[in-house]
Structures are given as C-alpha cells and as structure tokens.
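Data block below; observations after.
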Amino acid sequence: QVQLVESGGGLVQAGGSLRLSCTASALPFSPYLMGWFRQAPGKEREFVAAIRSSDGSTYYADSVKGRFTISRDNAKNTVYLQMNSLKPEDTAVYYCAAAQGIVLRTRSYEYAYWGQGTQVTVSS
C-alpha cells in the first residue's frame, strides 16, 4: 500500500523558515511527479509547488515563488519543501502528493496519492 508521510511542520514566527519532508513507501518514486499542496481553514486546497524527476523541473504558485523551494532525493524516496520568509497567510495544513507522468500538474485531482498532511502555523 502506497504511503506518503509528511513531517517538519510546526509553529514559526513571521519571517522564519521551515523545511517539510515527505517520504514515500511502496511507490516507484523516481518516475512520479511530486507536489505540495496546502489547505487553510475554510479554504479550498491549493497548489504550492511541483517537481519532475526526469529533469528536476519545478513549478511554483505565484504566492510562494521566490520564498519556497521544492527538491527531491530519489535515493531516499523523499521530497522536500524549504519555506523561507514565512507569512501568516502561509498558515495551512501542507500535503504532499504524487502523480504519474512527467507533465507538471497543478490540480489536486491529477494526483493519485496523498499524505496525511502536516500543520504549519505562522504567527504575526
């Protein structure tokens, strides 16, 4: 059974940094596109970032561009999200997800596998 397990969330002050990790099991990790999404209370789940394995291409939501960096280590079956210059509006549950194929995808229904989420809270 495929599992994605996120870690690294927590409480941080505005301007601070956090690094999220997501480790996959029972998944042929290398071919999969990996993405991060987030969902704030009362809001829809939104795309944050994605990374393709074949060439390392990345794509970011405008709201996080220049502040967040997605990366992956295929040897460790792990994808990371480095979050810098955090803002209170970044507060949300962050989910990692996996999608088949190489097209950079931004819609949640295009991802087949999901983690349970990790809470990120940014205080002002």
Side-chain angles (χ1 to χ4, degrees):
Q1 182 177 351
V2 173
Q3 278 194 314
L4 302 179
V5 180
E6 302 99 334
S7 61
L11 173 64
V12 64
Q13 288 189 330
S17 298
L18 282 175
R19 188 194 196 203
L20 305 183
S21 300
C22 170
T23 299
S25 59
L27 181 77
F29 187 78
S30 293
Y32 275 76
L33 175 75
M34 298 302 296
W36 286 96
F37 288 76
R38 67 186 182 186
Q39 188 166 19
K43 295 189 176 181
E44 292 187 353
R45 190 169 297 188
E46 65 173 358
F47 170 78
V48 175
I51 184 167
R52 185 162 57 199
S53 179
S54 58
D55 60 359
S57 294
T58 57
Y59 186 74
Y60 297 93
D62 287 343
S63 58
V64 306
K65 203 172 293 183
R67 300 188 298 122
F68 291 11
T69 302
I70 188 171
S71 61
R72 64 190 293 164
D73 185 338
N74 288 342
K76 296 182 178 180
N77 284 8
T78 299
V79 61
Y80 305 96
L81 187 68
Q82 177 67 44
M83 305 185 295
N84 298 329
S85 303
L86 282 161
K87 305 175 181 180
E89 51 264 44
D90 295 317
T91 295
V93 177
Y94 283 71
Y95 299 89
C96 74
Q100 289 185 316
I102 62 173
V103 175
L104 286 167
R105 305 181 185 278
T106 63
R107 290 168 288 192
S108 58
Y109 67 81
E110 296 176 305
Y111 286 76
Y113 302 107
W114 291 83
Q116 83 289 349
T118 186
Q119 177 70 47
V120 171
T121 303
V122 184
S123 63
S124 57

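- Considering every non-hydrogen atom in both Ile70 and Tyr60, the closest pair reads N-OH, 2.9 Å.
- Under the 4.5 Å side-chain heavy-atom criterion for ILVMFWY residues, a single connected hydrophobic cluster contains both Tyr111 and Val93.
- By the rule that hydrophobic residues join a cluster once side-chain heavy atoms approach within less than 4.5 Å of another member, Val2 and Phe29 end up as members of one cluster.
- Residues Tyr32 and Gln100 are in side-chain contact: their nearest non-hydrogen atoms beyond the backbone lie under 4.5 Å apart.
- Considering all non-hydrogen atoms of both residues, Leu86 and Val12 come closest at CD1-CG1, 3.6 Å.
- The backbone N or O of Gly117 sits less than 3.5 Å from a side-chain atom of Glu6, completing a donor-acceptor pair.
- Distance check: Glu46 CD to Arg107 CZ gives 15.5 Å after rounding to the nearest 0.5 Å.
- Looking at Trp36 and Phe68, their side chains never come closer than 4.5 Å, going by heavy atoms from C-beta outward.
- Closest approach of Pro88 to Ala14, counting heavy atoms only: CD-CB, 4.1 Å.
- Annotation for Ala97 and Leu4: closest pair CA-CD1, 3.9 Å, computed over non-hydrogen atoms.
- Counting all heavy atoms, side chain and backbone alike, Gly8 lies closest to Leu18 at O-CD2, 3.8 Å.
- The hydrophobic cluster containing Tyr94 does not contain Trp114, counting ILVMFWY residues as joined when their side-chain heavy atoms lie under 4.5 angstrom apart, directly or transitively.
- A donor-acceptor pair is defined here as one N or O able to donate and one able to accept, closer than 3.5 Å; such a pair exists between the side chain of Ser53 and the backbone of Ser30.
- Between the CG atom of Asn77 and the CE atom of Met34 there is a distance of 9.0 Å, given to the nearest 0.5 Å.
- For Gln116, the CD atom sits in a packed shell: over 12 heavy atoms of surrounding residues, nucleotides or ligands are nearer than 6.0 Å.
- For the atom pair OG of Ser71 and CZ of Arg19, the computed distance is 6.0 Å after rounding to the nearest 0.5 Å.
- To the nearest 0.5 Å, the span separating OH on Tyr59 from CZ on Phe47 amounts to 7.0 Å.
- Put simply, OG on Ser63 and CZ on Arg38 are 4.5 Å apart, with the number rounded to the nearest 0.5 Å.
- Heavy-atom contacts from other residues, nucleotides or ligands closer than 6.0 Å to NZ of Lys43 number 12 or fewer.
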Any chance you could lay out the side chain to side chain donor-acceptor pair (under 3.5 Å) test for Thr91 and Thr121, step after step, and finish with the verdict? CA-CA 5 Å; Thr91 295; Thr121 303; 5.3 Å; no
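- Between the side chain of Arg105 and the backbone N or O of Ala99, no donor-acceptor pair lies under 3.5 Å.
- Under the 4.0 Å criterion applied to side-chain N and carboxylate O atoms, Asp90 and Lys87 are not assigned as salt-bridge partners.
- The backbone N or O of Tyr95 sits nowhere less than 3.5 Å from a side-chain atom of Arg45 that would complete a donor-acceptor pair.
- Of all heavy-atom pairs between Val103 and Leu33, the closest is O-CD2, 3.2 Å.
- Looking at heavy atoms from C-beta onward, Asp73 lies in side-chain contact with Tyr80 at the 4.5 angstrom threshold.
- In this structure, Arg52 contributes its side chain and Ser57 its backbone to no donor-acceptor pair below 3.5 Å.
- Interatomic distance, Thr118 OG1 to Leu81 CG, rounded to the nearest 0.5 Å: 11.0 Å.
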Check against side chain to side chain contact (heavy atoms under 4.5 Å, CB included), Leu20 and Met83: CA-CA 8 Å; Leu20 305 183; Met83 305 185 295; 3.7 Å; yes
